[in-house]
Amino acid sequence: LGQLICVGTGIQLAGQIGSLSVSYIQLADVVFSLVPDGFTDRWLATLNDDVRSLQPYYAQAGEIKNRRDSYQQMVDAMLAEVRANKIVVCALYGHPGVFSCVSHMAIAQTRMLGFRAKMLAGVSAEACLWADLGIDPGSSGHQSYEATQFMLYQHVPDTCSHLVLWQIALAGEHTLTQFCTTNARIQILVEHLTLWYCADHEVIIYEAANLAIQTPRIEKIKLAELTDVELTTISTLLIPPSQPLRLNHKMLAKLAITETDLG
Ligand code: SAM
């Protein structure tokens, strides 16, 4: 019977994928891929003879196409093979289910048709971010949002914890037809963020290395300078805490502990 397995290839070529995911890629009848570069596609082709890139479903030069349509077409292509009773692997870069809807849509629709589907975790860009920046997100907690969603909805950042904004290069681009935003929209995001942070608060543009020979981009700038720097499709914005953690004294009282008990 056909089945679908969504795996993550990690961010760095060949080195951040689990051995279980590699095994599934090797035994699959067909592998559909959405990976950052040709190197990763060529590496996948060394593991399986039938690797098909999902990239052509995105708008091609001169075409205007909503990404929602692209995602559904990608899912349809995979479902056609599951229906033909094939073992289908969907190999997405990073973690297949983190800030990535294709695998969630494909799994839900595969199950609705009565076939088996599952997801294996992968190394996400955020996992690389904590490693490269030497930050333990557990030290003060963190919040993570897609930049446009952060702008369009009433999210309130906790300035005592880390704030991660994904797809910063698309901030405010709501049409899902463009692969970049405008300086004016980035400026609106900066103004929005200054409701909680000073304009000179230090923020970090982060880009994990896709290849072992590259170094990550870790660019520290002032929040207000966000409009001056180059933002790419792989840029993630980290806003470190601007305030120390504040104790919840009511909770301490309920637990009958004092500040000194915390060490
Ligand atoms: N599923 C992916 C993952 O697990 O990392 C995330 C896909 S999401 C559609 C794309 C966003 O992930 C980018 O806009 C950026 O915020 C982040 N991203 C992707 N590659 C990255 C990299 N090399 N370094 C930093 N962030 C990256």
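What's counted below: heavy atoms across the whole structure, side chains too, no hydrogens, waters or symmetry copies. First listed ligand is number 1; within each ligand, the first listed atom is number 1.
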Asker: Throw together a table of side-chain donor-acceptor distances under 3.5 angstrom for residues 73-85, partners on residues two or more places apart or in other chains.
Answerer:
residue : atom : partner : partner atom : Å
Gln73   : OE1  : Lys65   : NZ           : 2.7
Asp76   : OD1  : Gln72   : NE2          : 2.8
Glu81   : OE1  : Lys86   : NZ           : 3.0
Glu81   : OE2  : Arg52   : NH1          : 3.1
Asn85   : OD1  : Gly2    : N            : 3.1

Asker: Test of understanding: with ring-ring contact (aromatic ring centres under 6.0 Å, His included), list the residues that count as partners of Phe99, not counting sequence neighbours.
Answerer: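 Only Trp166 meet the ring-ring contact (aromatic ring centres under 6.0 Å, His included) criterion with Phe99.
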
Asker: Can you pull the residues with any heavy atom under 4.0 Å from ligand 1?
Answerer: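 Answer by chain and number: Ile11, Tyr93, Gly94, His95, Val98, Phe99, Ser100, Ser124, Ala125, Trp166, Gln167, Tyr206, Glu207, Ala208, Asn210, Thr233, Ile234, Ser235, Thr236.
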
Asker: Could you state whether Tyr145 and Trp130 fall into the same hydrophobic cluster, counting links through intermediate Ile, Leu, Val, Met, Phe, Trp or Tyr residues with side-chain heavy atoms under 4.5 angstrom apart?
Answerer: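 No, no single cluster joins them.
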
Asker: Does NZ or CZ of Arg68 fall inside the cone over Tyr71's six-membered ring, less than 6.0 Å from its centre and within 45° of the axis?
Answerer: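 Judged by the rule, Arg68 and Tyr71 form no cation-pi pair.
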
Asker: Pairs under 3.5 angstrom only: tabulate donor-acceptor contacts from the side chains of residues 89-97 to other protein residues two or more places apart or in another chain.
Answerer:
residue : atom : partner : partner atom : Å
His95   : ND1  : Gly97   : N            : 2.9

Asker: Whether Arg67 engages the ring of Phe179 as a cation-pi pair (distance to the six-membered ring centre under 6.0 angstrom, angle to the ring normal within 45°) should be assessed.
Answerer: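 That pair qualifies as a cation-pi contact.
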
